[in-house]
Enquirer: 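Following this message is one structure expressed as structure tokens.
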Amino acid sequence: MNLFSDIRTAVLGAIAAMQAEGALPEGLNTDPVTVEPPRDPLHGDMATNAAMVLAKPAGLKPRDIAETLAAKLADDPRIASAEVAGPGFLNLRLENTVWQGLPAAILRLGRDYGRSDLGAGLKVNVEYVSANPTGPMHVGHARGAIVGDAIASLLAYAGYDVTREYYINDGGAQVDVLARSVYNRYLEAHDLTVDWPAESYPGEYLEPVGEALKAKVGDIWLNAPEEVWLEPVREFATDAMMDLIREDLAALGVHMDHFFSEKSLYGTGKIEAAIESLRAKGLIYRGVLQPPKGKTPEDWEPREQTLFKSTEHGDDVDRPIMKSDGSWTYFAPDIAYHYDKITRGFDQLIDIFGADHGGYVKRMKAAVSALSDGRVPLDIKLLQLVKLYKNGEPFKMSKRAGTFVTLRDVVDMVGADAARFQMLTRKNDAPLDFDFDKVVEQSKENPIFYVQYAHARICSVLRKAAEQGIDVSDATLAAADTSGMTHKAELALAGKLAEWPRLVEIAARNHEPHRVATYLTELASDLHGLWNMGNDDTSLRFIQDDPATSRSKIALARAVAVVISAGLGILGVTPVEEMR
RNA sequence: GGUCGCAUAGCUCAGCUGGAUAGAGCGCUGCCCUCCGAAGGCAGAGGCCUCAGGUUCGAAUCCUGAUGCGACCGCCA
């Protein structure tokens, strides 16, 4: 249920009635008609721009349309008044009964209040994290994991059929480097001394992998040439790394539906098939690229390569898909991977990348556009850096100094809930400050605490009421008589709850889960405000002398808790019932 | 040089995909617990929404350009 769309439907009905009477021409596009909360509550409960957006196509004055529309809408039993204001706004005031009925409706629906059919079951693939399987994940990966996961949850809540996917970069040269590093650890496990080349992963986390390899194969590869062991060690090592990564993700509460191996694209004809698909559209050719404008690399020399004509789909230059030695560039498997997603029937694709991959957005979008003939939209979210702080001081990461912060470190230090909420308080294209002390601080400065505190306070009221023998089950609360709910603070809180389904749709449409965090903070603020009003005006306290009145007050509070719980659920944060 | 992103209160940031007098937290000033959790709340002060054009009934929001900051820039993923 969504009060804003309900009223919008009423507005559209009134417009249709005016058309039937000849007061408005037929065939008007009503898509731009919105019903939204006015910025200033004094203007009413809801405002519509209908008269203003219809004025021009209808050839009429906005205020004239608004006057007629207002008269029609005033007949709606839910609408108390409709007033024309400003350049042609129509300010609507709803009957108190509408707000009074909201808590019961929310309690009946539970956390499903706010669910939307916006997605209409469309299949969406959200690809995120996709860290190279060469070591433990660091804080940057954590942001990607959390944001991707929250987008996936948000879209699922908004009615999309969502698949969470991880692309394992196990096909490139870096996994060979990993394999050699693990082989070194394997040699060390046999008490041999080894040389570490510059290109290697000397981290201690590979020691147990070397030990495990020794335990598995014994000494059979000690003197074997690389051709013999490279392939099996690579597989052994990447499996071990993926186990590590899966554990790290689980610690954050992230669970993928599908892991897609880049390696599975090689030698299976999948890359060739994807490229053939492009070739069939006339988008593959042999050619020589110009050097990048303004910055010619020292060793630049013209080379003929196999190119993808990405410029036909919005890119700035065509992109190489095959190196001059005939092997694929990294772009080729990326094309094949996205081709695979398209052929699996996804209607929309979302990729979560680090900001350092910004240069690949256009070519990737071009590839998806070409492969799907423009049918499948690809949205790429670029995540800015996470800046770490400790006690307000910048915290520099350094592998050598031993202050390299892994994803697991973050979870161990602040917990998955605090980490998740904090990472979701900023939009993706803004850098994020992450202070290890502030995210666990118990004060209103810390939004996660502030929201949790509101939820805990409500739970506290429910416990207290139950102790006094008041039945606070949702079913009983939903049946409470809320006709006494007339104070403007209570009605305003109900109004905030009415915005939840609308906010879900806006956030989902934009793939912006941070809006949920922002909304929850506002909702918590309203709850705290009402709570404190109870200090001066005892009639606003949730628990009253009379059980029936108590139930009607508690119904509103409980509805707030339900929405907080639903919102936190989307963010992957567990609502707490008491602060300790 | 090119591409992309960002620019809003002293600081950190929201701002509903174009709406009315631009919001919150911190910091500053002054208040509120005999009362469900004060771990909270209320009020005040604080703005050229970087700048210049444009689009229209209307712009912090969309377009163009400028300035500043950041990321990236042909066989590395």
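Just so it is clear: chains get the letters A, B, ... in the order the sequence lines come, proteins before strands, and each one is counted from 1. Computed from a predicted structure; not experimentally measured. Only this structure's heavy atoms are used, side chains among them; waters, hydrogens and symmetry mates stay out.
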Enquirer: Taking the nucleotide of RNA chain B with the nearest heavy atom to each, does A:Asn532 or A:Thr34 sit closer to the 5' end?
Expert: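 Mapping each residue to its closest nucleotide by heavy atoms, the 5'-most match is A:Thr34.
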Enquirer: Need one value for A:Ala55: base, sugar-phosphate or nothing, where a base atom within 4.0 Å counts as base even if backbone is also close, heavy atoms only.
Expert: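 It contacts nothing in the nucleic acid.
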Enquirer: Does a donor on one side chain and an acceptor on the other come within less than 3.5 Å for A:Asp379 and A:His511?
Expert: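 Side-chain D/A pair, A:Asp379 to A:His511: present.
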Enquirer: May I ask whether A:His528 stacks on the base of B:G41, given the cut-offs of 5.5 Å between ring centres and 30° between planes?
Expert: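 Given the distance and angle limits, no, they do not stack.
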Enquirer: In the structure shown, which nucleotide is the Watson-Crick or G-U wobble counterpart of B:C72, with both distances under 3.5 Å?
Expert: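 Pair assignment: B:C72 / B:G2.
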Enquirer: Would you measure the distance from the C1' atom in B:C49 across to the matching atom in B:A7 and give it in whole Å?
Expert: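 One C1' to the other, the span is 10 Å.
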Enquirer: Could you tell me whether the side chains of A:Glu505 and A:Ser116 share a donor-acceptor contact shorter than 3.5 Å?
Expert: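 Per modelled atom types, A:Glu505 and A:Ser116 side chains form a pair under 3.5 Å.
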Enquirer: So, OP1 or OP2 of B:U56: does either fall under 4.0 Å of a side-chain N or O from A:Lys56?
Expert: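 So the side chain of A:Lys56 is outside the cut-off, no N or O lying under 4.0 Å from OP1 or OP2 of B:U56.
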Enquirer: Mind checking A:Ala85 for me? I need base, sugar-phosphate or nothing, with any heavy atom below 4.0 Å counting as a touch.
Expert: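 If one applies the 4.0 Å heavy-atom cut-off, A:Ala85 turns out to touch a base.
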Enquirer: Check every atom of B:C32, B:C75, B:G5 against the side chain of A:Ser324 and return the nucleotide holding the closest atom.
Expert: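 From the listed options, B:C75 comes nearest.
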Enquirer: Less than 4.0 angstrom between a side-chain N/O of A:Lys553 and OP1 or OP2 of B:C36, yes or no?
Expert: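 No, outside the criterion.
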Enquirer: Going by distance alone, is a donor N or O of one side chain under 3.5 Å from an acceptor N or O of the other, for A:Asn49 and A:Thr34?
Expert: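 Per modelled atom types, A:Asn49 and A:Thr34 side chains form a pair under 3.5 Å.
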Enquirer: Please determine, for B:G19, whether a Watson-Crick or G-U wobble partner exists with both distances under 3.5 Å, and give it or none.
Expert: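 Across all strands, the one nucleotide that pairs with B:G19 is B:C57.
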Enquirer: Looking at A:Tyr519, I'd like to know whether one of its side-chain N or O atoms comes within less than 4.0 Å of OP1 or OP2 on B:A14.
Expert: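 For B:A14, neither OP1 nor OP2 has a side-chain N or O of A:Tyr519 closer than 4.0 Å.
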Enquirer: Choosing from B:U12, B:C16, B:A20, which nucleotide comes nearest the side chain of A:Arg426?
Expert: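 Of the options given, the side chain of A:Arg426 lies nearest B:U12.
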Enquirer: Cut-off 3.5 Å, side chains only: do A:Ser130 and A:Glu127 have a donor facing an acceptor?
Expert: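 Yes, because at least one side-chain N or O of A:Ser130 sits under 3.5 Å from a partner of the opposite role on A:Glu127.
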Enquirer: B:U12, B:G41, B:G37: which one has an atom nearest the side-chain heavy atoms of A:Lys444?
Expert: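 Closest nucleotide among those given: B:G41.
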Enquirer: Can a cation-pi geometry be assigned to A:Lys309 and A:Tyr285, taking NZ or CZ under 6.0 Å from the six-membered ring centre and within 45° of the ring axis?
Expert: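 That pair qualifies as a cation-pi contact.
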Enquirer: In this structure, is the centre-to-centre distance between the rings of A:Tyr339 and A:Tyr337 below 6.0 Å?
Expert: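 No, too far apart.
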Enquirer: Does B:C31 fall in syn (glycosidic angle within 90° of 0) or anti?
Expert: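 For B:C31, whose glycosidic angle is more than 90° from 0, the conformation is anti.
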Enquirer: Give me the distance, rounded to whole Å, that separates B:A24 from B:A43 when you measure between the P atoms they each carry.
Expert: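 My reading of the P atoms in B:A24 and B:A43 gives 9 Å.
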Enquirer: Can you tell me how far P in B:U50 sits from the matching atom in B:A45, rounded to whole Å?
Expert: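 These two P atoms come out 24 Å apart once rounded.
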Enquirer: Counting distance alone, no hydrogens or angles: does the base of B:A77 have a donor or acceptor under 3.5 Å from a partner atom on the side chain of A:Asp334?
Expert: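 For A:Asp334, whose side chain was compared with the base of B:A77, there is no donor-acceptor pair (under 3.5 Å).
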Enquirer: If you measure only the distance, is there a donor-acceptor pair under 3.5 Å linking the side chains of A:Thr521 and A:Thr518?
Expert: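 Side-chain D/A pair, A:Thr521 to A:Thr518: absent.
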Enquirer: Looking at A:Trp328, does any N or O in its side chain come under 4.0 Å of the phosphate oxygens OP1/OP2 on B:C75?
Expert: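 So the side-chain polar atoms of A:Trp328 never come under 4.0 Å of the phosphate oxygens OP1 or OP2 of B:C75.
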Enquirer: So, A:Thr306 versus A:Arg286: side-chain donor-acceptor pair below 3.5 Å or not?
Expert: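 Looking only at side-chain atoms, A:Arg286 and A:Thr306 do form a donor-acceptor pair, the distance falling under 3.5 Å.
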Enquirer: Using the P atom in both, what is the distance from B:G41 to B:G25, to the nearest Å?
Expert: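 Their P atoms lie roughly 8 Å apart.
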Enquirer: Closest approach to the side chain of A:Tyr450, judged atom by atom: which nucleotide of B:C75, B:G40, B:U12 is it?
Expert: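 Nucleotide nearest to A:Tyr450's side chain: B:G40.
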Enquirer: Below the 4.0 Å mark, does B:A77 have OP1 or OP2 next to a side-chain nitrogen or oxygen of A:Lys323?
Expert: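 Answer yes for this pair, as a side-chain N or O of A:Lys323 is under 4.0 Å from OP1 or OP2.
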Enquirer: By nearest heavy atom, map A:Met579 and A:Leu385 onto RNA chain B; which one lands nearer the 5' end?
Expert: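 Looking at RNA chain B, the more 5' nearest nucleotide goes with A:Met579.
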Enquirer: With heavy atoms under 4.0 Å as the rule, sort A:Pro62 into base, sugar-phosphate or nothing.
Expert: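 The residue A:Pro62 makes no contact with any strand.
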Enquirer: Any side-chain N or O of A:Lys438 below 4.0 angstrom from OP1/OP2 of B:C26?
Expert: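 It does not, given that no N or O in the side chain of A:Lys438 lies less than 4.0 Å from OP1 or OP2 of B:C26.
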Enquirer: Taking only the C1' atom of each, what is the distance from B:G54 to B:G70 in whole angstrom?
Expert: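 The answer is 28 Å between these two C1' atoms.
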Enquirer: With the side chain of A:Arg502 defined as its heavy atoms from C-beta on, choose the nearest nucleotide among B:G74, B:U17, B:G19.
Expert: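 For A:Arg502, the side-chain atoms sit closest to B:U17.
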Enquirer: Which whole number of Å gives the distance between the C1' atom of B:A52 and that of B:A60?
Expert: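 Here B:A52 and B:A60 have their C1' atoms 16 Å from each other.
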Enquirer: When you measure from the side chain of A:Arg515, which nucleotide among B:G40, B:G37, B:G15 comes out closest?
Expert: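 Out of B:G40, B:G37, B:G15, the nucleotide with an atom closest to A:Arg515's side chain is B:G15.
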Enquirer: With a 4.0 Å cut-off on heavy atoms, is A:Pro320 in touch with a base, just the backbone sugar-phosphate, or nothing at all?
Expert: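 Sugar-phosphate contact only - A:Pro320 comes under 4.0 Å of backbone atoms but never of a base.
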Enquirer: Does the structure show a Watson-Crick or G-U wobble partner for B:U12, both distances under 3.5 Å? Name it, or say none.
Expert: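 Answer to the pairing question: B:A24, which forms a Watson-Crick or G-U pair with B:U12.
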Enquirer: Which nucleotide in the set B:C26, B:C13, B:G19 lies at the smallest distance from any side-chain heavy atom of A:Glu445?
Expert: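 Among the listed nucleotides, the one closest to the side chain of A:Glu445 is B:C26.
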Enquirer: Can you check the distance between B:C62 and B:C26, where both ends of the measurement are the P atom (answer in whole Å)?
Expert: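 The same atom, P, in both gives a distance of 30 Å.
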Enquirer: Name the pairing partner of B:G37, where a pair is Watson-Crick or G-U wobble with both distances under 3.5 Å, or state none.
Expert: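 Check on B:G37: unpaired, no WC or wobble geometry under 3.5 Å.
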Enquirer: Side-chain N or O of A:Lys427 versus OP1/OP2 of B:G15: is the shortest distance under 4.0 Å?
Expert: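 True: A:Lys427 side-chain N/O within range (under 4.0 Å) of B:G15 OP1/OP2.
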Enquirer: Would you say A:Phe89 stacks on B:A20, if stacking means ring centres under 5.5 Å apart and planes within less than 30 degrees?
Expert: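 Yes, A:Phe89 stacks on the base of B:A20.
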Enquirer: Side chain of A:Asn49: nearest nucleotide among B:G40, B:G5, B:G19?
Expert: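 The answer is B:G19.
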Enquirer: Distance check: side-chain N/O of A:His514 vs OP1/OP2 of B:G15, anything under 4.0 Å?
Expert: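 Indeed, a polar side-chain atom of A:His514 lies that close.
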Enquirer: What is the nucleic acid contact for A:Glu262, judged by heavy atoms within less than 4.0 Å: base, sugar-phosphate only, or nothing?
Expert: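 Sugar-phosphate only.
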Enquirer: Measuring to OP1 and OP2 of B:A38, would you say a side-chain N or O of A:Arg457 lies under 4.0 angstrom away?
Expert: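 It does, given that an N or O in the side chain of A:Arg457 lies less than 4.0 Å from OP1 or OP2 of B:A38.
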Enquirer: Where the side chain of A:Asn535 is concerned, which of B:A77, B:G40, B:A71 is the nearest nucleotide?
Expert: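 The nucleotide sitting nearest to the side chain is B:G40.
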Enquirer: With both distances kept under 3.5 Å, what pairs with B:U64, Watson-Crick or G-U wobble?
Expert: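 In the structure as shown, B:U64 has B:A52 as its Watson-Crick or wobble partner.
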Enquirer: Among B:C36, B:C16, B:C26, find the nucleotide with the atom closest to the side chain of A:Glu36.
Expert: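 Given the options B:C36, B:C16, B:C26, the side chain of A:Glu36 is closest to B:C16.
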Enquirer: Give me the distance, rounded to whole Å, that separates B:G44 from B:G27 when you measure between the C1' atoms they each carry.
Expert: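 Each nucleotide's C1' atom is 14 Å from the other's.
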Enquirer: Are A:Tyr360 and B:C76 close enough that a side-chain N or O sits under 4.0 Å from OP1 or OP2?
Expert: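 No, outside the criterion.
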Enquirer: Cation-pi check for A:Phe4 against A:Arg502: NZ or CZ below 6.0 Å from the six-membered ring centre and within 45 degrees of the axis, yes or no?
Expert: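 Because its charged atom sits under 6.0 Å from the ring centre and within 45° of the axis, A:Arg502 does stack over A:Phe4.
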Enquirer: Has A:Ser460 got a side-chain N or O lying under 4.0 Å from the OP1 or OP2 atom of B:G37?
Expert: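 Yes, A:Ser460 has a side-chain N/O under 4.0 Å of OP1/OP2 on B:G37.
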